[in-house]
Amino acid sequence: MRICHSRSLNTMAGLRSVQVAMLLALALSMTGCGSDEAFVQKVADARKHLQLSENEEALGVLNAEDDTDAPAEYHYLKSITLYRLGRTEAAGSAIARSIEAAPDNAKYKGMELLLRLMAREKEAMDQLLQLNEKYAAVGAVAFFATYGFHAKANVLEKAEKPKAADYHTTRSRQTLDTAMTLRDEIAEFHPDLFRLAMMQMRYEPAREILDGLLKLDPESPSLMMEKVKVLSLLKEGDEAAVIAKVLYEADGKQEDLGEFYAAVLSQTSGQKEHDDQFKELLRKFARNPQVNSKYAVYLARTARLALAERHLEEAIAKQTSSEGKEALAFVAVTLPLEGKAADMAEERLRQYRPLLRDPLLVEYFEARILFLRKQYRESITRMMKIVEMAHKQGPGSRVMATEALVWIRRILADKLIAQQMQKAMEATKGRQEKLEGAFGVKSEEKTPKENKPAEKKPDSNTDAKPRETKTKESKPAEEPRSAKDSE
């Protein structure tokens with residue numbers, strides 16, 4: 001009996017051990033399940049922060065004390081976050097963990113190659129392009145390849161291989177198109193896609209990305225301001241002004257946003273509503289040079305140049321600072337130049353010359369007036385003088401030198417077009433005269449009326465006289481044509 005009782009106790013102890021082990025295993029598995037769910041939530045939250053350029057917030061979400069069991073995507077997003085924050089070495093370590101967990105994932109490999117490319121590793125550039133050949137339909141890989149093709153184009157341009165460089169520049173744009181199309185799968189790179197679209201002046205895709213970001217954070221002042229800029233670039237000034245007004249009023253009608261609002265209003269259509277909004281701004285910021293100059297631009301754009309000039313004259317008189325007066329004087333001369341009103345521009349330059357302290361600026365205005373008067377050679381001479389003077393004055397005058405060079409190209413192009421038009425007119429005239437001669441057609445201007453009766457004299461020799469008459473008529477007719485041609 002004792003033996004049986006002892007065996008029974010041993011059996012019961014064994015069963016209890018098994019139960020404890022099973023319960024422990026169940027507890028551990030339940031803990032793991034909860035941990036996985038926590039990491040899934042962290043990944044989702046971090047991706048949204050990255051989508052809205054909230055990098056510090058994303059890092060806060062991804063800074064788990066124990067990330068041993070974190071999925072590969074967690075480390076991938078952490079790598080992006082650290083890279084944006086300038087911590088490239090830590091970013092490399094994070095993406096290495098992603099690749100270790102999922103070595104066949106093209107997205108993770110692409111991120112690793114991008115980090116190496118940014119560290120100026122030449123091998124990474126070609127490897128990134130090869131990865132794109134294999135995984136061209138992966139949104140993240142297409143995005144990374146945009147930088148790879150751009151880097152390759154720069155290398156080829158330095159090697160003086162322009163055709164190959166142009167090809168890779170085109171491929172960079174194409175891969176960006178692919179990334180734009182597949183942007184839903186790379187939400188973490190939406191700020192980067194927006195920036196690249198703006199750099200390449202592709203404003204419609206930029207607006208689409210921005211609209212998606214505003215759905216996530218509709219009251220973000222920074223996103224609203226970006227939307228205003230995009231709409232202005234798309235020539236949708238009226239819609240842009242509505243958002244700019246919201247920003248201005250939400251900020252308590254501060255002066256800096258008042259200037260921003262005025263700049264947006266200056267690109268709107270000429271409506272009473274916009275006139276009234278400008279008047280309200282002018283009442284509040286009566287002596288602000290920016291608000292006054294933007295109002296003048298608005299008036300000139302809406303075919304009220306004379307009114308714009310009167311407003312600027314009054315605003316200059318009210319200004320107390322020399323800098324404010326100079327800024328308004330600059331606009332007062334520029335507006336008639338843009339409106340191709342050479343006489344008014346010359347008059348304003350004479351009027352406000354004492355306020356313009358930069359001699360290069362005066363030379364620039366005079367050169368543009370000469371251009372409007374089609375005095376191309378004199379205008380180019382003045383612009384070349386500006387370039388020479390700017391180089392002597394140093395880096396501070398580079399902007400003026402660049403502007404002068406732009407105008408030299410424009411003047412030469414305008415001169416060439418004028419010459420081509422003149423040649424075309426002369427060629428057309430020459431062809432018309434040849435046709436008239438071939439068909440025996442004579443215009444009233446070319447055939448003197450007093451010579452017509454000479455052909456009907458009754459006593460004339462019909463064999464000789466007509467030939468004499470033709471000879472006499474042809475000589476005077478040829479002289480005006482040759483004189484015009486020589487001119």
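- For residues 350-366, the salt bridge (charged side-chain N to carboxylate O under 4.0 Å, His left out) pairs, not counting sequence neighbours, are Glu326-Arg357, Arg353-Glu366, Glu363-Arg382, Glu363-Lys385, Glu366-Arg382.
- None of Val228, Thr268, Leu231 except one satisfies the side chain to side chain contact (heavy atoms under 4.5 Å, CB included) rule with Glu239; the exception is Leu231.
- Side-chain atoms of Glu73 and Tyr108 include a donor-acceptor pair closer than 3.5 Å.
- Using bins of under 30°, 30° to 60° and over 60° for the plane-to-plane angle, the ring pair Phe278/Tyr298 lands in the tilted bin.
- Under the 4.5 Å side-chain criterion, counting only non-hydrogen atoms from C-beta, Ser322 is not in contact with Leu355.
- Between Asp45 and Gln41, the side chains place a donor N or O and an acceptor N or O closer than 3.5 Å (distance only, hydrogens not considered).
- If you run side chain to side chain contact (heavy atoms under 4.5 Å, CB included) between Leu62 and each of Leu77, Asp67, Leu82, Leu50, only Leu77 comes through.
- Sorted by first and then second residue, the side chain to side chain donor-acceptor pair (under 3.5 Å) pairs involving residues 157-169 (not counting sequence neighbours) form an empty list.
- Within a 6.0 Å radius of CD in Glu204, more than 12 heavy atoms belonging to other residues, nucleotides or ligands are found.
- Judged purely by distance below 3.5 Å, without hydrogens or angles, the side chains of Thr146 and Thr175 pair a donor atom with an acceptor atom.
- Ring centroids of Phe365 and Phe330 are separated by less than 6.0 Å, placing the two rings close together.
- Checked against the 6.0 Å centroid criterion, the rings of Tyr295 and Phe285 do not qualify as a close aromatic pair.
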